[in-house]
Amino acid sequence: MSKLAYEKPVISKITAGVPNKFGLPVKQKIISEIDGIPVSELIKDYGSPVFVISEKTVRGTFAEARQAFETRYPKVQFAWSYKTNYLDAVCSIFHSEGSWAEVVSGFEFEKALLLGVNGSNIIFNGPEKSEEDLTLAINHDACIHIDHFDELYLLIETTRKLDKKARVAIRVNLDAGIYPIWDRFGFNYENGEAWNAINRIMLAENLDLIGLHTHIGTYIMASSAYAVAATKLSNLFMATYRKFDHWIKYIDLGGGFASKNTLKGAYMPGAETCPSFDEYAEAISNAIISSEIPHENLPVLFLETGRALIDDAGYLLTTVLANKRSNSGRRTMVIDAGVNLLFTSFWYNLGIYPAKEASDYSEETTIYGPLCMNIDVIREAINFPHVQTGDRLVIERVGAYNMTQWMQFITYRPNVVLIDSEGKTHVIRKKEDIETFKSFESNPKK
Ligand SMILES: *Cc1c(COP(=O)(O)O)cnc(C)c1O
């Protein structure tokens, strides 16, 4: 065996702009303003951290979604998923665009009523509906989406007590060809449970079956899954007509469209891989209009899209508290917003950008939140330019779920600011303070 030829070792400086698997990096993106308002000004006026929501983006995204569906299907109705973001100002924007309310608790139901939504335009989903909740829903003529048989029996009993009719749909779970199959909500399609539930409802004198619902999961990357779901609901729709001579009024395909965020572990950025509203609309409308349903009896198509409609409109502005080196020499950074405010940081590699031009030199960095807790990591590994303590950073696409799933933990929840369509700013949820807590607690020891 011959010896390998000797090669002289070289030392070369690693410079900014080392190609990664996507090729040479382009210039570091910065987010210096939101809808024309400088980040520095927003933080000066409302503190750091602060959530900012762009009304312009909310309305723009909604218009895109509506156009995608309305150009392909004759009767479309959106219902805003409250749990995705139930700040009053946000819900009001969706209602002003014509969205109904989709709620999953008595609390959310009350919120929708307070916002002036007509009870008959409220869709009541979810596995938790007490007799009190059902009474409220029946009295307001809401669309009650039944989740399981125990709820069906409680509902029948409640309508009898009230001597009133209820407008109902069933939630159906089904195999749409994707994994995981969400089979914990609703009645199963494949084993006949959903058909059985329909039969029981048709037999109950106080229940009026007006809809069929499914919500196959969330962040669904395959639009074809919706085609399977729509086909299965169309089958139930026709079976109900054949046996009972009854036309159901709507088919509700729930939410679940992917937002442009990048899932952890994904190879490509979410913005490049998530289907467009057009692709989802194409799959769903094709399945329904090509089903056996006669065109003169086509149901209204309901959509309960949540994250895909609001994620892009939300930003979290934050401040660098410290630059550090870990024991292993790795660059780490502490910012003033933690996982208590960013529930979605557990699922996504959130986009984080400096608010002003930073150093050309970037380095793989771990970004920690400010909590005194080991799991408070916003980004495990991000190629990030060197920034200084006190510099502002912007975390994008945080409009969905963070402002409902946030935790009051160790510190106060911050202001939420809306930039309206005219470019004016409004605090739509004010920062908590010690008075917030005083008003909830009582201390028998003092
Ligand atoms: C959460 C939820 C939605 C919204 O889901 P997204 O994935 O955010 O679009 C819609 N319908 C039901 C029943 C839900 O539970």
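Small disclaimer: the values here were computed from a predicted structure and weren't measured.
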*Does any donor atom in the side chain of T425 or Y46 lie under 3.5 Å from an acceptor atom in the other side chain?*
yes
*asked:* Show, in sequence, the C-alpha distance, side-chain angles and deciding distance for R72 and D278, and conclude whether the salt bridge (Lys or Arg N to Asp or Glu O under 4.0 Å) test is met.
replied: CA-CA 9 Å; R72 290 174 172 86; D278 286 323; 3.0 Å; yes
_Under a 3.5 Å cutoff, is there a donor and acceptor pairing between the side chains of N118 and S120?_
yes
*Is any side-chain heavy atom of Y353 less than 4.5 Å from a side-chain heavy atom of V39?*
no
_With a 4.5 Å cut-off on side-chain heavy atoms, are P370 and L321 touching?_
yes
*Between L212 and I170, is any pair of side-chain heavy atoms under 4.5 Å apart?*
yes
*Would R397 and S259 count as having a side-chain donor-acceptor pair, cut-off 3.5 Å?*
no
*Should T365 and R331 be marked as a side chain to side chain donor-acceptor pair (under 3.5 Å) after you check the CA-CA gap, both sets of side-chain angles, and the distance that decides it?*
CA-CA 5 Å; T365 305; R331 178 170 181 237; 3.0 Å; yes
*Indicate yes or no: at least one non-hydrogen side-chain atom of T84 is less than 4.5 angstrom from one of T404.*
no
*What residues, two or more places apart in sequence or in another chain, satisfy ring pair (Phe, Tyr, Trp, His ring centres under 6.0 Å) together with H215?*
W182
*Would K44 and E41 pass as an ion pair if we require N to O under 4.0 Å?*
no
*asked:* Within the 3.5 Å criterion, strictly below it, is a donor on S48 or D336 matched to an acceptor on the partner's side chain?
replied: yes
*Could you go step by step and tell me if Y82 and H95 meet the ring pair (Phe, Tyr, Trp, His ring centres under 6.0 Å) rule?*
CA-CA 11 Å; Y82 266 43; H95 296 320; 5.8 Å; yes
*Does the separation of the ring centres of F343 and Y401 fall below 6.0 angstrom?*
no
_Under 3.5 Å side-chain donor-acceptor pair for S54 and D35_ = yes
*asked:* Can you confirm whether Y368 sits close enough to I378 that some side-chain heavy atom of one is under 4.5 Å from a side-chain heavy atom of the other?
replied: no
*Report yes if some heavy atom in the side chain of H140 is under 4.5 Å from a heavy atom in the side chain of I122; otherwise report no.*
no
*Less than 4.0 Å between a side-chain N and a carboxylate O, is that true for R171 and E102?*
no
*Does any non-hydrogen side-chain atom of I93 lie less than 4.5 Å from one of W80?*
no
*T366 and side chain to side chain donor-acceptor pair (under 3.5 Å): which partner among K324, E380, R330?*
R330
_According to salt bridge (Lys or Arg N to Asp or Glu O under 4.0 Å), does anything in residues 48-67 pair up with another residue at least two apart or in another chain? List the pairs._
E55-R59, R59-E97, R66-E97
*When the ring centroid of Y219 is compared with that of W347, is the distance short of 6.0 Å?*
no
*Could you tell me whether the side chain of F277 reaches within less than 4.5 Å of the side chain of L309, counting heavy atoms only?*
yes
_Pair D88 + K111, salt bridge at N-O below 4.0 Å_ = yes
*Distance under 6.0 Å and angle within 45° of ring axis: K129 vs F124*: yes
*Check whether the ring centres of F187 and F149 lie less than 6.0 Å apart, and answer yes or no.*
yes
For a quick test of your reading: what N or O donor-acceptor pairs under 3.5 Å do the side chains of residues 248-257 make, sequence neighbours left out?
from: Y250; atom 1: OH; to: H145; atom 2: NE2; distance (Å): 2.7
from: D252; atom 1: OD1; to: G254; atom 2: N; distance (Å): 2.8

_K29/E396 salt bridge by N-O under 4.0 Å criterion_ = yes
*Parallel, tilted or perpendicular: ring planes of W406 versus F51, cut at 30 and 60 degrees*: perpendicular
